[in-house]
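One structure is given below, encoded as structure tokens.
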2 protein chains.
Amino acid sequence: MRVMALIECIPNVSEGRRTDLIESIAAAIRAVSGVRLLDYSCDPSHNRSVFTLVGDRAPLKQAVLALFERAIEGIDLRRHSGEHPRLGAVDVVPFVPIEGITMDACVALANEVAQDVAARFDLPIYLYEEASSNPARKNLEDIRRGEFEGLATKMRTEGWLPDFGPQHPHPSAGASVIGARMPLIAYNINLDTDRLDVAKKIAAGIRHSSGGFRYVKAAGFKLDDRGIVQVSMNLTNFEKTPIFRVFETVKREAARYGVRVLESEIVGLVPSGALVSAAEFYLQLERFGSEQILENKLKGD
Amino acid sequence: MRVMALIECIPNVSEGRRTDLIESIAAAIRAVSGVRLLDYSCDPSHNRSVFTLVGDRAPLKQAVLALFERAIEGIDLRRHSGEHPRLGAVDVVPFVPIEGITMDACVALANEVAQDVAARFDLPIYLYEEASSNPARKNLEDIRRGEFEGLATKMRTEGWLPDFGPQHPHPSAGASVIGARMPLIAYNINLDTDRLDVAKKIAAGIRHSSGGFRYVKAAGFKLDDRGIVQVSMNLTNFEKTPIFRVFETVKREAARYGVRVLESEIVGLVPSGALVSAAEFYLQLERFGSEQILENKLKGD
């Protein structure tokens, strides 16, 4: 039985317009044996690209270093503008445990990569999310506040020395944020009403920032073309705040306004465990283990 | 992206006591490259062994032929007794589509293997389940009725000529049943009562044989040690008769007697699709496709 760790890594790079540079970064990733580039996309208005790669520790590290090399070489944030906030040429690099690896091991990998990148490119690195050792520096938004332009000042403020690297910004590449987190699930629940206030009140009730579930970010939106409203969410840790609990809470809160749930949707990818736990909940499954899932049994070699 | 079909094959062999023979069959399967022997177990009181192997068509066929060779060489049904009904030395061989393969292709494979086995070992073969072309010979129980001892007489009865091979039993190996079917799910629902009549009435209501769901076999049992009763089921096609529909029906029928569902349980393996469809149902998921499951995205290559 071959035991290989599978880690997802989603580097965000501050270039979304020059396709030659983006392609050269993709090529550098693809050249690393043991890494698969699942997807990459660039957003010209954000002036930002997102790469999704998977692999085991050693090849992922090699691919991330190659990505840093190309990005730092090719991007100068002093001449960069776009709608998306950014702190560095390589803005943020999360490692996500998928299979055969613990969160602790991903945190260790994030630390290792951070240390190597800092040393090799003389670049300040902040650790975030699960890799952060400082509660005030856990959220990406807090670390990125002030952006590249405010970085030199921020680094001189108490509590904002980087975790690795020099105590001043890299002149053209700023600083990077590296860390480990659970897979995100983009999850929306559509309500059979056009009352935006209902969606907004429910979103406020369930999101962490205003007293709701710890691993939920939420906002209320109107879907104008359909005449309905949506509670739009990011579930940041589906093991600790599972989909079914969020769904049932939204359903109950909506009922308080006489509103029904029309449907829900998952945007993009979802780990199968997030759906299996919903099946376990609703079917009241006891004595069930993930080793009973046929596909898991068939994996391994 | 490598496209490989994954088929499960679960040969049942009429020997559950002589471990040397069982081990030699296991060794013959393991010797085929491209086949994995996931599991095998023997039951001495049934005098029967069950092997679970997976692979693509060509290696599976090779492994099944090797299994037939050892079993026919080593087993003489004239001197075989056990609690489990049996027709042949190799009693039944189902092929189950798991991934990257249709049921039709598994039916074709069953036909091919049946033809080869019949020719090579001069053994009569009956096709069953999805591979059967005759509604009266679809169920294993119907084909096996009369067992090895009644086989010669049965084969002379109208409608019981085999699909392949000679028109008389093999002297020591009888006949074999080969076919294709969906994965079985062994699923139980435990009720918070000691009233066996309630479990029996619910089982009768949901099982196909007495008017219930097409792909459900069910019976009511007492769990004496816990003082409760169980509706014990086999779901024979989870795509057409999904778990959630069975669960909700049992729950509703139990409520009619004032009885609550305590829990449910899956015994053994379950394809992830069976659980994902339950999550889709209860979460009212729309616009969801299996390609959104992270693990599916990570497979391939």
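Order of the sequence lines fixes the chain letters, A, B, ..., with proteins taken first and strands second; residue numbering starts at 1 for each chain.
- Put simply, the residue from Val96(A), Leu109(A), Ile98(A) that forms a side chain to side chain contact (heavy atoms under 4.5 Å, CB included) with Ile7(A) is Leu109(A).
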Determine, stepwise, if the pair Phe213(A) / Arg245(A) fulfils side-chain contact (heavy atoms from CB on, under 4.5 Å). CA-CA 9 Å; Phe213(A) 292 115; Arg245(A) 191 164 300 139; 3.8 Å; yes
Does the pair Phe221(A) and Lys200(A) meet the rule for a side-chain contact (heavy atoms from CB on, under 4.5 Å), with working shown? CA-CA 7 Å; Phe221(A) 290 108; Lys200(A) 282 182 179 297; over 6 Å; no
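- For chain A, the nearby parts of Val270(B) are the backbone and the side chain; heavy atoms of each come within less than 4.5 Å.
- For Glu280(B), no part sits under 4.5 Å from any heavy atom of chain A, backbone or side chain.
- The side-chain heavy atoms of Val93(A) and Val113(A), taken from C-beta on, include no pair separated by under 4.5 Å.
- A 6.0 Å sphere centred on CZ of Arg287(B) holds more than 12 heavy atoms belonging to other residues, nucleotides or ligands.
- Of the listed residues (Leu283(A), Ile293(A), Leu285(A), Leu269(A)), the greatest number of heavy-atom pairs within a distance under 4.5 Å of chain B belongs to Leu283(A).
- In terms of modelled atom types and a separation under 3.5 Å, the side chain of Glu253(B) and the main chain of Val250(B) share no donor-acceptor contact.
- Side chains of Met182(A) and Phe238(A) form a contact here, defined as non-hydrogen atoms less than 4.5 Å apart.
- Interface remark: Tyr282(B) contributes backbone and side-chain atoms alike to the contact with chain A (heavy atom separation under 4.5 Å).
- Expressed to the nearest 0.5 Å, how far CD of Glu8(A) lies from CD of Glu99(A) amounts to 12.0 Å.
- Within residues 184-199 of chain B, the residues having any heavy atom closer than 4.5 Å to a heavy atom of chain A are Tyr187(B), Asn190(B), listed by residue number.
- Put simply, the side chain of Glu286(B) never gets that close to the backbone of Glu265(A): no donor and acceptor are under 3.5 Å apart.
- Ranked by heavy-atom pairs under 4.5 Å with chain B, the first of Val267(A), Val261(A), Asp39(A), Leu262(A) is Val261(A).
- With chain A as the partner, the residue from Gly273(B), Ser272(B), Ala274(B) showing the most heavy-atom pairs under 4.5 Å is Ser272(B).
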